[in-house]
Each structure stands twice: as structure tokens, then as C-alpha cells.
Amino acid sequence: MSGRGGRTTDRSGPVLLGVRHHGPGSARAVRAALEQCTPAAVLIEGPPEADELVPLAAHAEMRPPVALLAHAQDDPGRAAFWPLAEFSPEWVAMRWALEHGVPVRFIDLPAAHSLAGGDDGETADEGTGEQEAGDQETGEQGAGAAEVRIDPIGVLAETAGYDDPERWWEDVVEHRGGGGAGADALAPFAALAEAMAALRETYGDGGHDRDPVREAHMRLRLRAARKEFGDDLAVVCGAWHVPALAQRTTMTADRQLLKGLPKVKAAVTWVPWTHRRLSRRSGYGAGIASPGWYGHLFSAPDRPVERWLTKVAGLLREEDYAVSSAHVIEAVRLAEGLATVRGRPLAGLTELDDAVRAVMGDGTDAPSLLIHDRLVVGEVLGEVPEDAPAVPLQRDIARSQRTLRLKPEALERELELDLRKETDAGRSRLLHRLRLLGIPWGEPTRSRGSTGTFRETWRLRWEPELAVRVAEAGIWGTTVLSAATAKAASEAAGAAHLAEVTALAERCLLAELPDALPVVMQALSDRAALDADVGHLAQALPALVRSVRYGDVRGTDAVALREVATGLAERVFVGLPPACPGLDADGAADMRGHLDATHQAVGLLGQPDTERRPEGNGLRTRWAGVLRAVSERDTVPGLLRGRATRLLLDDGELGDGGAERLMGLALSPGTPPTDAAGWIEGFVGGGDGGMLLVHDERLLALVDGWLTGVPDAAFTDVLPLLRRTFAEYESGVRRTLGELVRRGPATAPRHPAGDAPDAAVPGFGPGLDRDRAAAVLPTLRMLLGIGQHGFGDDPPESPRPADDLTGART
């Protein structure tokens, strides 16, 4: 064995193949070296616990990118990944060995030690290869230590006169051919081993404190393999480790380094991975910023530049870009010309991007982001055989996915569900249960179509780290249903606030967990009885009322929920008026949110008067009384009084002139300007407040009159409040209000001689044009499902168009 860690034709010891993880050039070189050496066994840097999983790499259903996942059995959240792509040298070596019937052994530090080493509880991410020479380090540990670590590729690139280590490595390794026929496939590894040996002599372990321990274990495994298979071995490892493996040490010294290492019980399996997770920006950085490009370099049999630009042209055509064959030809010429001028053996991504920008993008960067996401990085999701080891919960999820025809995908997509269909209802249950278990495969989103309660829209995207979430959730049960039920019951018992319990009740209904709901309801009743804070009660009410509504939609018995929601609403009614007086600005803003939430909840609950309650004593009537009490109490902040008045007006609870009367009182000279401005914010604040002023010029005149009478000393105090209120309106509404104020009070409409104006219909201006109203009646009847003469079968006596329109509106 060469002292520099590599050899060419000498067969006196193992062949050390130093690589860069996830490098297509390294992968091609490893395959050529193995074909030349035909070793008796292949040793690979990785967790030894995965030796039994190697045969699965040859399974017909195994498709990279994949990753070895190791997690502590007692703490599944403590996990580590070893990702492998089709262009990873380790994957190529593994597949070559399986195809030739050669044993494979992993020689890195066992996952049992790696997972136990993080005392701070952070996730170890062994084997992600963020070190440019292939060093596999923890992905999330030691952020401070990483600043002083040596980047061997960076040092070599700087020595060669490059300011970009990535570009130097691509020029030297990834973009070079494999040499001609008869070339020594081991020569590149010998050269790289010599360079690494020089670096190790200068920098030692380069700040990688855990490397001596890992390399000691690798040497021990290498000695054991030599005893089992002889010296005819091939070792595939990070190039940084080659000098350490070639170093002559004693077995006693290596064992001493490993003595006393902490250890946990670890389980290892294969999980799907994605190209995006091989990218640096993903958080599981693998040392490559362009996995899609590297996959292309590895798989392209020839002319990689032409084939790449053909892919780019196809993608742009799919996105309606005008790209022709002539564009591809010119882009190829430009990219190759740039590579020649810049002294590169092959056009890289920089040259290709410049060529695409100039030729296909008309000098703009518009296509660049699309190309980067879809081709340079890519949205490839690997596949793992069903018989791969997995926790029972993972197997149940896989069965549900097959039954519901809901395949995991790396590319984000939207899924529209109709809960009236059995399959869609099952998909909704599965997604809601997984979210409750902390496995966010899907996230609910606002639908762009129907917003009915029978519709749901989900945004789906399967991320590799969800495999860790599944392992963590496995402690709750062996099936999705049992695990979600157990976790819901546990969360109900440990909830600290009433709103948490009501939100949990809603989630249980959405996930259809009938066995968990009684436990949650008991916790809800107990906490509601002890909580006297009206803010907490008001926060908890909306979720509970939505639960009642969704229970009705999904056919769930929600009688108990309705009773609890009704009792909670009544407690809010009693506690809210005394809680409003004396609040400061922040407290009033919070209470306004409670007012809106309670108002919406009462509207959804919509409990009618029953025989148990006298007429007029229903929830809606009682809530209207609460709003009146708030709107007429002088000690209540103006923001709340204005908001209560607006809610009453929207519900039609204020008679003729009621809103004007309350506004006149709020804007009277005796009211402090800031309090009056708060009243205006509460009354006309929000996106629809401007339309109220546009259509009711009496209210606008009151606001205008008050504003013009505000003293100069107080104007600067109320201006921010008013600007905040009116800034929420659309620009067209603000423009209309300005025109109305500029024009001044509207003049009375003139009518032809002999015609008296019709009385104003609520919601319409005075002097309704009956002929114009009659023209829209047929369409209005069709939309509302009304008969030719109204709701009844018999036509009314002498119907008038205005009367008919009023009846239709009512």
C-alpha cells in the first residue's frame, strides 16, 4: 500500500478510492477502478448497521435518490441520514458489487455511537458530505466549530489559482473524461491521495474533531475485512480520510480512541430522498448545489452540453417560450465558445446559463429560476421497496396511500377534495390525522373555487424528513387511527389553555377520531368551567362552533359539542360587557377581535329559539342585547362602541336613524377627538367600511362634519388613526369618497311633473326606477329560485315591480 494512501498497479494491499460524495466524475472513476481491480470485497464509508440492507439496493423497486435513515429506538427524533444519488460513488460501488456478487461492508462509525454523541439533542446528519472532499460530518451540529474547519477542496483550488472551489473541482474531476482505452483507472485516486496527504501533514485533522475517532473505527473494520477477505479489497471513502486509512497504527491505539463512546439502540432503514434535499440550500447540504446537473453529467452517454440545452429548450417550450432548434444550436456554440475563452475543459453551468440568457431568454433572467428549480436542482423523488424495514405506522401509511390512490410526490401540488365522495373523504381523514400526528404531508389552503363546507383544498408535498416524523409518531400506535387517537387524548390532558382544547376538538372532528372526542370533550368541559377570563372564552368559541358545523357536514354526532358551545357563548355574553370599560388601546384592539370572533361564531351556531326558551331569548337576540349594551356605554373605548354599532347595523338590529344617532353621540363636541377617531375606526374600519360611507351619505356627512371641526391641537393625534382606517379601503373607494366630499351634500332628485317619488326601500336610494327594476326581475327570480309571482303559487293583487323587488331582497 502506498504511503500516500493510493496505488496504481501494486496489488500488495487494499485499493483506497478517495472520492467526493455525490460527484459524477468520482462515480465514473470508481466504476472504472472497480472494473480494473475486481476486488474480493468492497468497503464503503457508512454505518455498519446498514450491512443487512445492502441487498435491497438491487431491488427492482429501488430507485435513487434514497437515503439510509438511522434513528434511536427510544428517541426517534434523534436521527441521521446518509443520502445516495445515482451519481454517488458509494451507490455506484454498491451496485457494482451486487452485480458481481462481491460482499459489501460499511466501515464508518456505527450509528449507535453517532446518535448518542449529540448531548444537546440536535439531530446528527452523518454522511451528507457537505465537505468538498467527501468528508461526512454532522449537518446541524457545531456551527461555531465549522468556521475554523479546513475545506480541503478550497485549499487546493486556491493553490491552483481558482477563487471558486466548486468550479475548480468540476474542471479537474467532474468535466474530465475517463481517459482513453488502456488508461490506468487508479491514477486519479493516487494523485488525489497525494494531495490530501500533503494537506493532512500541514493541517492535521483540519478542525474536524470527530474525524480521528471515525478513522480509528474505519481502520479497525479494514483490518477485520483483510482477515476475512484478504488484501484484495477496495475502499470507497471521502478523499480526506485516505491518508488516515493508509497510516500505520496499532489496533490497541485505535481501540483506545473508541473506548468509552456513548451508545444507543439504533434502527436503520432505507427512505426516499429528493434532489432538492441534496442541495446545499435545503438544510441537509450535500456539498452540491446542482444535483440535477450532476445527474445529467453522470447519465449522459455523450455530448452533455447539447443534451442539456435540448432539455432546457423542451422545458421552455412547455412553458410557452418561443424556442426553436436554431436557438439550441446557437446556445451550444455560445456555451462552448465561452468555455474555450475561460479555459474550461467543458462548458459548465455558468456558461450554459449565460448562453440561455443571451439566446433563449432575450437577455433577461426570466427563464433562469424555472430552469434552476426544474432542471439544475430537479424535483426527483426516490422510491424504496415495500419490504424494506419500517416501523408499523409507516406501513399503515403506505397501505392507506395505496388504497386512497394518494402517491407521495416531491413536486408541490394542490388537491381538491369533495367530502361527499368516499375516496375524497378518506383522503381528508388521512391528511388531518397525519397533521395531528405532526406529519405535515399536506397543508390546508384556501380554495380558488367553491368555499362550501363540502370542499377542501390541500397543498401536498412529501419531504424526506417526514420519515423521521413518522418514526417519532410511531410511539403513539401502530396505525394512523390508533396513533392519532392516543396523541389527541394526550394533548387534551396536557393542554394549558381552553383555546387549545377547543382547537383540538375541531381537529378530532376533521380527522374523525370518535374514540378521542369524549376525552377531549371532558377536558373541554372541565377547563371551561374553571376559566373565567372572557378573552379565553371568546378565543375558544370560534373553533368550537366550527367543530359543530363540520360535525354536521361530516355526519358526526355533534350534540355534545353544540351544548358546550351554547354554554360557552352564554358565558361570553355575561362576561363581555363588564370586561370592556376602562381598556387601554392594546386591550381594546384585542377585545375588538373577540367581538368579531364571537359575532361570527354566533352567526354560525345560529341556534333558533326553542320551546325551552321564550321567544326572543335565542342566542342571536341575546347577542344583539350585548352589542347594544357595549355600543351605548360611555365608559367603553370608542373602538369597541363603534364596532358594536357596526355589527348591529349589519344585522339589521338598528332602526331608522339608529346608526346616525349613535354616531352623532360619538362625534359630539364633548367626546375627546382620539376616542371619536377610535369610534370611526371601529365602525367603518375593514375592507367593506368604505362602501358603507359611499352608499350612505348621511353617515359620510357626519364623519366629514366631525373631522372639519376637530381642533388643530388634536388633529395630529387623530390623524394616524384615521389614516390607518381609510388606508384599508381600495383605491377606487377612496377616490369615490373624495369625490363625494368635494361635491358636498347631494341635491334632491328631480322627478317629472305629476310623478311622486317612491319611498326609499331599505338598502336603496330614494326614487326607485320601477321600469329598470322590472327589467332585472326575471334573472333575479331564476337566481333565487322564486316563482313567476313570488314565493307563493297565487299571484298577489296588483303587484308592483318595486314591491316585488323588495320582497325578493327580503
Side-chain angles (χ1 to χ4, degrees), residues 5-9 11 14-46 54-59 62-66 68 82-107 127 129 133-134 136 169-170 172-193 225 229 232-239 241-242 245 278 286-288 291 293-304 307 345-346 382:
R7 60 184 175 84
T8 55
T9 57
R11 303 300 300 268
V15 176
L16 303 181
L17 305 178
V19 300
R20 178 197 187 190
H21 300 294
H22 313 309
S26 294
R28 288 192 300 268
V30 164
R31 183 164 54 193
L34 294 176
E35 291 288 351
Q36 176 176 318
C37 296
T38 60
V42 175
L43 309 184
I44 300 175
E45 182 181 341
V54 170
L56 287 174
H59 199 286
M62 178 75 86
R63 183 170 68 89
V66 294
L68 287 168
W82 286 260
L84 297 171
E86 64 175 342
F87 48 83
S88 299
E90 299 87 348
W91 178 261
V92 171
M94 195 185 314
R95 290 298 302 265
W96 182 93
L98 292 172
E99 292 170 1
H100 292 78
V102 174
V104 175
R105 298 289 187 271
F106 287 104
I107 62 173
Q136 297 181 347
W169 180 264
E170 288 184 351
V172 173
V173 179
E174 310 302 347
H175 293 173
R176 294 289 183 182
D184 186 3
L186 300 181
F189 296 104
L192 188 59
F229 304 107
D232 192 11
L233 304 173
V235 181
V236 180
C237 64
H241 301 303
V242 169
L245 298 186
L278 290 171
I288 52 173
W293 165 246
Y294 273 16
H296 171 78
L297 285 179
F298 181 74
S299 60
D302 56 12
R303 307 178 71 178
R307 293 178 183 273
L346 180 72

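Being a predicted model, the structure only gives us computed values, none of them experimental.
Here the OG-CZ distance, from Ser26 to Phe298, works out to 11.0 Å after rounding to the nearest 0.5 Å. Annotation: the span from Phe106 atom CZ to Met94 atom CE amounts to 4.0 Å, rounded to 0.5 Å. We find the CE-CH2 distance between Met62 and Trp91 to be 5.0 Å, quoted to the nearest 0.5 Å. Distance check: Trp82 CH2 to Ile44 CD1 gives 14.0 Å after rounding to the nearest 0.5 Å. Atoms CG and CG, on Leu233 and Leu17 in that order, are 11.0 Å from each other to the nearest 0.5 Å.
Using a 4.5 Å heavy-atom cutoff, the side chains of Leu16 and Cys237 are not in contact. Residues Pro301 and Arg307 are in side-chain contact: their nearest non-hydrogen atoms beyond the backbone lie under 4.5 Å apart. Looking only at side-chain heavy atoms (C-beta outward), Pro64 and Phe87 stay at 4.5 Å or farther from each other. The shortest side-chain heavy-atom distance between His100 and Thr38 does not fall under the 4.5 Å cut-off.
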Legend entry - Val30/Trp96 under side-chain contact (heavy atoms from CB on, under 4.5 Å): CA gap, chis, key distance, verdict: CA-CA 10 Å; Val30 164; Trp96 182 93; over 6 Å; no

Inset, instruction - Given side-chain contact (heavy atoms from CB on, under 4.5 Å), test Val92 with Arg28 step by step and report yes or no. - result: CA-CA 8 Å; Val92 171; Arg28 288 192 300 268; over 6 Å; no

Legend entry - Trace of the side-chain contact (heavy atoms from CB on, under 4.5 Å) decision for Arg105 with Val54: CA-CA 9 Å; Arg105 298 289 187 271; Val54 170; over 6 Å; no

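The two residues Val104 and Ala97 come nearest to each other via the heavy atoms CG2-CB, 3.3 Å. Contact between Pro89 and Arg20 at its shortest, heavy atoms only, is CG-O, 3.6 Å. Of all heavy-atom pairs between Leu98 and Pro55, the closest is CD2-CA, 4.2 Å. Residues Val42 and Pro39 approach most closely at CG2-CG, 4.1 Å, considering heavy atoms. The shortest non-hydrogen separation linking Ser88 to Ala27 is C-CB, 4.2 Å. Nearest heavy-atom pair across Ala40 and Val102 is O-CG1, 3.4 Å.
For Glu45 (side chain) and Gly238 (main-chain N/O), a donor-acceptor pair under 3.5 Å exists by modelled atom type.
In this structure, Arg95 has no side-chain hydrogen bond (donor to acceptor under 3.5 Å, both in side chains) partners at least two apart in sequence or on a different chain.
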